[in-house]
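Quick note: residue numbers are just sequence positions, from 1.
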Amino acid sequence: MKFTKYPVLAAALATLAVLPACTETKTAAGTETAAATAELAADSALTATTPTAGNATAASLNNGSPATIPAGQRADAATVLGRKQVPILCYHQIRDWKSSDSKGAKDYIIPVAQFKAQMKMLADSGYHAILPDQLYAYLTTGAPLPSKPVMLTFDDTDLDQFTVARPTLEKYGFKGVYFIMTVSLGRPRYMSKAQVKQLSDEGNVIGSHTWDHHNVKKYQGQDWVTQIEKPTKVLEEITGKKVNYFAYPFGLWNPEAIPELKSRGMDAAFILAEKRDQQDPLFTIRRIIASGYWTPRTLHNNMVQSF
């Protein structure tokens, strides 16, 4: 797809408002609401007896950026693929369901109480939130990670990620990774530049998620500048920090995208629950969508089974 002519910004945002953003190839879950409610009660009883991790978090441990690891000391693809995968969760909208939300959309919209319950489960179960530099060091050099590592990622710049997710993560000493779609910055229901900078200043990581969420598999020519190069520079100007991590829209990628990302300063890229590339696994790091239907118990089960 060539972007010789850009769509009207309002039209792009209207499209984003009605479609689920990073749609995975398979639905994240099919659990019905009634069953989820019953299971949530059981989860509450279970986690109440589990020791709390408190503010002990891996986010404060700094293994250095990828630039500090000499190329000669980085593991080859086979070694990276052989390391145990770290659970990485992907969130989108964090708000209560509306009557207009479709059954499919609810996979990508997690009710506020459900999100808070999931974060409590992670903390109470002893999980430690890590950040991409730590993951990169682990995958490329075998650097140690804290016990029970998990990475919390948020796509698409939704405002509720700042107003709901941020204080919830802070409560448990967690930090997150926010993949920003720059077309929406400052628009209604989305984060402002100042909020993105605040997240960065507070120790969270800001990553790139294209300009307006077009499928990377369709990029040609100038698309790489429009969708990757320019948005990355915008984010670097906002945060004052290098942006070197990328999340593919819809989790979709192809081998042709990897050299384009590398040439634009990316050190790693994140997909969803697809097969990893055997030659460049650092550019196909797997995540799973945390479904709005999942209770804390279901989330934990999927983390264990998927990674």
Side-chain angles (χ1 to χ4, degrees), residues 3 6-24 28 33 89-119 152-171 174-202 204-215 226-227 230-232 234-235 237-239 243 246-251 270 272 287 289-294:
F3 294 97
Y6 301 124
V8 178
L9 180 60
L13 291 170
T15 302
L16 292 169
V18 298
L19 293 177
C22 297
T23 308
E24 200 170 356
T33 307
L89 305 179
C90 175
Y91 290 95
H92 294 90
Q93 297 182 53
I94 306 169
R95 62 167 175 80
D96 294 338
W97 291 343
K98 301 175 183 176
S99 58
S100 58
D101 293 327
S102 69
K103 183 177 179 181
K106 290 176 180 176
D107 269 326
Y108 309 93
I109 305 168
I110 181 165
V112 173
Q114 192 80 301
F115 176 77
K116 291 181 177 179
Q118 289 184 2
M119 293 302 104
L152 306 172
T153 70
F154 302 86
D155 288 8
D156 300 343
T157 329
D158 288 273
L159 181 59
D160 44 44
Q161 296 170 5
F162 184 87
T163 58
V164 179
R166 174 182 161 272
T168 304
L169 266 60
E170 282 188 339
K171 178 179 179 180
F174 293 158
K175 299 297 181 184
V177 188
Y178 296 81
F179 290 108
I180 303 299
M181 180 177 58
T182 55
V183 70
S184 54
L185 283 168
R187 299 289 164 175
R189 302 187 303 103
Y190 293 93
M191 283 189 262
S192 66
K193 292 181 179 180
Q195 288 167 331
V196 170
K197 177 171 173 49
Q198 183 175 338
L199 286 170
S200 176
D201 290 346
E202 292 174 346
N204 301 283
V205 169
I206 302 302
S208 179
H209 197 44
T210 75
W211 178 59
D212 67 351
H213 213 276
H214 273 75
N215 184 350
T226 301
Q227 295 291 343
K230 288 183 178 179
T232 299
V234 168
L235 294 174
E237 290 171 358
I238 291 171
T239 63
V243 172
F246 177 79
Y248 298 94
F250 314 103
F270 295 80
L272 291 173
R287 305 184 291 167
I289 291 175
S291 171
Y293 291 103
W294 288 355

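The distance from the CG atom of Leu185 to the OH atom of Tyr190 is 11.0 Å, given to the nearest 0.5 Å. Distance check: Asp155 CG to Gln161 CD gives 7.5 Å after rounding to the nearest 0.5 Å. To the nearest 0.5 Å, the span separating CG on Leu152 from OH on Tyr178 amounts to 8.5 Å. Note: Leu199 CG to Lys175 NZ = 9.5 Å, rounded to the nearest 0.5 Å. Taken from OG in Ser208 to CD1 in Ile180, the straight-line distance is 9.5 Å, to the nearest 0.5 Å. Between the CD atom in Gln227 and the CE atom in Met181 there is a gap of 10.5 Å [rounded to 0.5 Å].
The backbone N or O of Arg187 lies less than 3.5 Å from no partner atom in the side chain of Ser184, so there is not a single donor-acceptor pair. Counting only distance, with no hydrogens or angles, the side chain of Gln93 and the backbone of Asp160 share no donor-acceptor pair below 3.5 Å. Distance alone, capped at 3.5 Å, places no donor-acceptor pair between the His209 side chain and the Asp156 backbone. Put simply, the side chain of Ser192 never gets that close to the backbone of Gly186: no donor and acceptor are under 3.5 Å apart. Side chain of Thr157 to main chain of Met191: no donor-acceptor pair is present (N/O by atom type, distance under 3.5 Å, no hydrogens or angles).
Contact record, Gly292 with Pro111: O-CD, 3.7 Å, taken as the closest heavy-atom pair. Closest non-hydrogen pair, Pro231 versus Thr182, comes out as CB-OG1, 3.5 Å. Shown here for Trp97 and Ile109, the closest heavy-atom pair between the two residues is NE1-O, 2.7 Å. Between Ile206 and Ser200, the shortest heavy-atom distance links the atoms CG1-CB, 3.8 Å. Smallest separation of non-hydrogen atoms from Thr226 and Lys230: O-CB, 4.3 Å.
Side chains of Ile289 and Leu272 form a contact here, defined as non-hydrogen atoms less than 4.5 Å apart. When side chains are defined from C-beta on, Ile94 counts as touching Phe154, because their heavy atoms get closer than 4.5 Å.
A search for salt bridge (Lys or Arg N to Asp or Glu O under 4.0 Å) contacts involving Lys116 returns nothing, not counting sequence neighbours. Residues meeting the side chain to side chain contact (heavy atoms under 4.5 Å, CB included) test with Glu237, sequence neighbours left out: none. By the side-chain hydrogen bond (donor to acceptor under 3.5 Å, both in side chains) test, Asp96 is found to be paired with no residue, residues two or more places apart in sequence or in another chain being considered. Applying the side-chain hydrogen bond (donor to acceptor under 3.5 Å, both in side chains) criterion to Asn215, with sequence neighbours excluded, gives no partner residue. Legend: residues meeting side-chain hydrogen bond (donor to acceptor under 3.5 Å, both in side chains) with Thr239, ordered by chain and number and at least two apart, are absent. Applying the side-chain hydrogen bond (donor to acceptor under 3.5 Å, both in side chains) test to Tyr91 and every residue at least two apart in sequence or in another chain returns Gln118. Here Arg166 pairs with Glu170, Glu202 under the salt bridge (Lys or Arg N to Asp or Glu O under 4.0 Å) rule; sequence neighbours left out.
Side-chain contact, Asp158 with His92: no donor N or O sits under 3.5 Å from an acceptor N or O. If you check the side chains of Asn204 and Gln198, you find no donor sitting under 3.5 Å from an acceptor.
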Candidate pair Leu159 and Gln195, rule side-chain contact (heavy atoms from CB on, under 4.5 Å), full reasoning: CA-CA 9 Å; Leu159 181 59; Gln195 288 167 331; 3.5 Å; yes

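Remark: aromatic rings of Phe246 and Tyr248 are close, center separation under 6.0 Å.
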